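What follows is a set of notes on a single structure, which appears directly below.
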Amino acid sequence: MATNEIQGNALNNMEVDKTPFTASMLFPLFRATLWGLTGYFAAAWITALVLNTVIVNPLPATVGYVVGLVCWLMGSGVWEGWIRRAFGGKEAPTYTGIERYFRFGPDSKSTAVRYVVLNIVTFFFAGMAAMAIRVQLLTPDSTSWWLSEVQYNQTFGIHGLEMLLGVAASAIVGGVGYYLIPLMLGTRNVVFPKLLGLSWWLLPPAIFAIFMSPTIGGFQTGWWGYPPLAQNSGSGIVWYVLGAATLLFASLLGAVNIAGTMVYMRAKGMSLGRVPIFVWGLFAAATILVVESPATYTGALMDLSDMIAGSHFYTGPTGHPLAYLDQFWFLFHPEVYVFALPAFAIWLEILPAAAKRPLFARGWAIAGLVGVSMLGAMLGVHHYFTAVSDARMPIFMTMTETVSIPTGFIYLSAIGTIWGGRLRINAAVLLVLMAMMNFLIGGLTGIFNADVPADLQLHNTYWVIAHFHYTILGAVIFTWIAALYWWFPKVTGRKINEFWGKFHAWWFFVFFNCTFFPMFIAGIEGMNRRIAIYLPYLHGINLFISISAFFLGAGFLIPLANLLYSWRYGPKAEPNPWGSNGLEWQIKSPTPYVAYPAGTEPEVVGPNDNYAPGAKEPFVWVPTPSK
């Protein structure tokens with residue numbers, strides 16, 4: 001990209017904050033924690049006293065959670081940074097230094113960094129739950145020395161919910177997307193920055209409550225919360241429901257920001273045909289959440305009402321348990337595409353820059369992203385073919401298999417982009433290629449889940465676990481780490497260690513496949529999921545899976561160490577280390593607080609993924625028009 005005089009002056013005047021860290025910056029975090037815990041115990045105790053019960057019962061736990069969440073938000077800075085102004089007070093100043101990472105504020109970049117940190121922490125603890133599951137399954141009858149069957153059920157329920165809503169739902173969308181969407185669109189912030197900031201502060205209490213649910217009785221439903229088992233599952237189910245509802249609401253706030261920012265805050269000259277492909281992936285995911293999450297969110301609260309208010313939406317003589325399944329899966333199968341669509345878009349963002357070739361069939365790729373988003377709303381019933389009438393089966397079987405068509409557009413775009421190119425293989429690109437291979441296996445095996453005769457045989461077996469992990473862990477988490485490696489210089493100004501990045505990629509790929517591919521075989525052989533004790537003939541394959549899983553889990557320490565070490569001591573990166581045409585790479589690294597200073601703005605004259613020889617530069621810098 002050519003640098004004109006205006007751009008050069010702007011870049012020279014953009015300073016990166018170098019304020020040293022001090023312990024006092026952590027005060028909002030400590031205050032929020034103190035206020036949240038105090039609010040919870042006070043409200044739960046008062047409610048229990050009024051009802052003449054104990055604080056771990058469902059209603060006191062619910063009231064305590066709600067009050068504690070509000071107190072946590074007020075302590076984090078929401079009061080002085082937003083609400084106080086509505087009561088005639090003075091709003092706190094906006095912090096631009098390091099302290100903005102530890103308090104509520106409107107900066108989307110600091111919100112995104114908090115997402116990355118929280119996703120990593122949540123991934124660690126949810127991963128430890130997975131390791132506990134595999135320890136349990138080392139032997140066919142290991143409950144006598146490790147977890148009881150009740151504890152096992154609690155463990156896999158916590159693992160599933162935290163990995164899905166605490167990690168996969170926000171790893172790419174939150175940690176990568178919220179950082180990049182303003183930079184890629186050429187704007188200084190998102191359309192509702194305080195709502196976006198609020199979305200992160202909703203997460204820690206929800207994640208903590210789900211992890212701590214065993215302390216008030218736990219839950220036995222897995223991550224689904226199905227009634228009527230939920231109503232007879234232990235008091236911890238209320239924290240499951242409240243935590244899940246809070247996480248979904250946080251995702252909805254982010255989705256509104258993604259959609260609004262793309263529609264209303266694009267740079268001059270950025271038509272829809274010139275919007276970066278990653279932003280299109282985020283937009284496709286956001287539309288799913290905006291349209292479909294209210295149904296599932298409402299279903300969760302109706303389920304909670306059955307537990308604490310004695311209503312009968314899903315239970316009792318007038319309740320309909322299958323109605324919960326319709327509401328639950330109306331979002332939670334499309335939710336998989338909330339995870340996957342941004343990952344697909346990252347493939348199409350990285351590969352053209354690495355191959356130095358134009359993105360192949362760009363229009364068809366966008367159609368694929370939008371098509372998956374639209375079709376994904378119509379196929380959730382395949383999750384419970386065993387419980388629906390015969391008339392519904394062929395309809396949802398057809399819709400589920402049809403979604404492979406727009407997914408094929410995305411794959412053909414990626415393959416066409418690298419076909420005949422000279423692909424520069426760094427750690428990020430290697431992980432992207434591995435993610436494509438993993439998702440291909442996940443997608444092909446998903447056809448069997450969509451086909452009614454096969455699904456009736458494979459339903460509720462380890463085949464489903466293998467398929468699901470190939471699509472989410474194998475594709476989304478691989479891509480998440482690739483994205484962290486690729487845009488790491490943008491955030492820190494340094495590069496990761498390529499040797500250890502590639503070493504981890506191969507470690508991850510080998511032990512991932514050693515862990516989950518045998519699960520297809522175990523499922524065909526009759527290994528049911530969600531069980532703590534299994535028949536002895538399945539011992540050998542479960543032993544192999546568990547040992548592979550331990551190596552896979554240990555391998556995650558490699559990228560964590562690589563990122564931490566590189567953040568402090570990694571080699572300094574060039575301004576545009578990958579030679580990308582992306583607008584985010586045309587400003588200083590690490591990104592200053594104000595990415596596009598007053599007096600200049602980018603004007604888009606072409607798509608950012610056209611790397612054809614002789615192609616014109618996609619951006620020029622022009623003076624900001626005076627009002």
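What you see is a predicted model; the values in this text were computed from it and never measured.
Counting heavy-atom neighbours within 6.0 Å of Met393 CE, excluding the residue itself, gives a total above 12. Dense packing is recorded around OH of Tyr537, with more than 12 heavy atoms of other residues, nucleotides or ligands lying under 6.0 Å away. A 6.0 Å sphere centred on CH2 of Trp79 holds more than 12 heavy atoms belonging to other residues, nucleotides or ligands. Heavy-atom contacts from other residues, nucleotides or ligands closer than 6.0 Å to CE of Met399 number more than 12. The 12-atom threshold is exceeded at OH of Tyr411, counting heavy atoms of other residues, nucleotides or ligands nearer than 6.0 Å.
No side-chain donor from either of Arg392 and Ser389 sits under 3.5 Å from a side-chain acceptor of the other. A donor-acceptor contact closer than 3.5 angstrom is absent between the side chains of His312 and Thr318. Of the N and O atoms on the side chains of Tyr384 and Asp326, at least one donor lies less than 3.5 Å from an acceptor on the other residue.
At least one side-chain heavy atom of Ser233 sits under 4.5 Å from a side-chain heavy atom of Phe219. Residues Asn232 and Gln220 form no side-chain contact, since every pair of their non-hydrogen atoms from C-beta on lies 4.5 Å or further apart. The shortest side-chain heavy-atom distance between Ile465 and Tyr462 falls under the 4.5 Å cut-off. Between Phe124 and Val167 there is no side-chain heavy-atom pair separated by less than 4.5 Å. The side-chain heavy atoms of Thr38 and Cys71, taken from C-beta on, include no pair separated by under 4.5 Å. Looking at heavy atoms from C-beta onward, Met302 lies in side-chain contact with Gln327 at the 4.5 angstrom threshold. Contact check for Thr471 versus Val476: no side-chain heavy atoms found under the 4.5 Å cut-off. Leu202 places a side-chain heavy atom less than 4.5 Å from the side chain of Leu253.
Taking all atoms of both residues into account, the shortest heavy-atom contact from Pro58 to Ile308 is CB-CG2, 3.7 Å. Between Ala43 and Gly64, the closest heavy-atom pair is CB-CA, 4.0 Å. Across all their heavy atoms, Gly225 and Ile237 have their closest contact at CA-CD1, 4.5 Å.
Aromatic rings of Trp463 and Phe516 (six-membered ring for Trp) have centroids beyond the 6.0 Å cut-off, not under it. For Tyr470 and Phe520, the ring centers are positioned less than 6.0 Å apart. Aromatic rings of Phe478 and Phe508 (six-membered ring for Trp) have centroids within the 6.0 Å cut-off, being under it.
Among Phe551, Phe517, Phe556, the single residue meeting the ring pair (Phe, Tyr, Trp, His ring centres under 6.0 Å) criterion with Phe511 is Phe551. Screening Tyr314, Phe313, Phe330 against Tyr324 for a ring pair (Phe, Tyr, Trp, His ring centres under 6.0 Å) leaves a single residue, Tyr314.
Between Tyr297 and Phe249, the ring planes are tilted. Angles from 30° to 60° get that label.
In this structure, Arg530 is not positioned above the aromatic face of Trp223 in the sense of NZ or CZ being under 6.0 Å from the six-membered ring centre and within 45° of the axis.
Although no hydrogens or angles enter the test, the distance criterion places a donor-acceptor pair under 3.5 Å between the side chain of Ser373 and the main chain of Ala284. Distance alone, capped at 3.5 Å, is enough to place a donor-acceptor pair between the Asn542 side chain and the Leu538 backbone. Panel note: side chain Ser235, backbone Asn57; no donor-acceptor pair is recorded below 3.5 Å.
Residues that satisfy the ring pair (Phe, Tyr, Trp, His ring centres under 6.0 Å) test with His383, not counting sequence neighbours, are Trp329, His333.
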Check against ring pair (Phe, Tyr, Trp, His ring centres under 6.0 Å), Tyr178 and Tyr115: CA-CA 9 Å; Tyr178 298 159; Tyr115 265 101; 5.3 Å; yes
Candidate pair Ser311 and Asp306, rule side-chain hydrogen bond (donor to acceptor under 3.5 Å, both in side chains), full reasoning: CA-CA 5 Å; Ser311 58; Asp306 282 1; 2.7 Å; yes
Ring pair (Phe, Tyr, Trp, His ring centres under 6.0 Å) between Trp35 and Trp72, intermediate numbers included: CA-CA 6 Å; Trp35 288 12; Trp72 157 271; over 10 Å; no
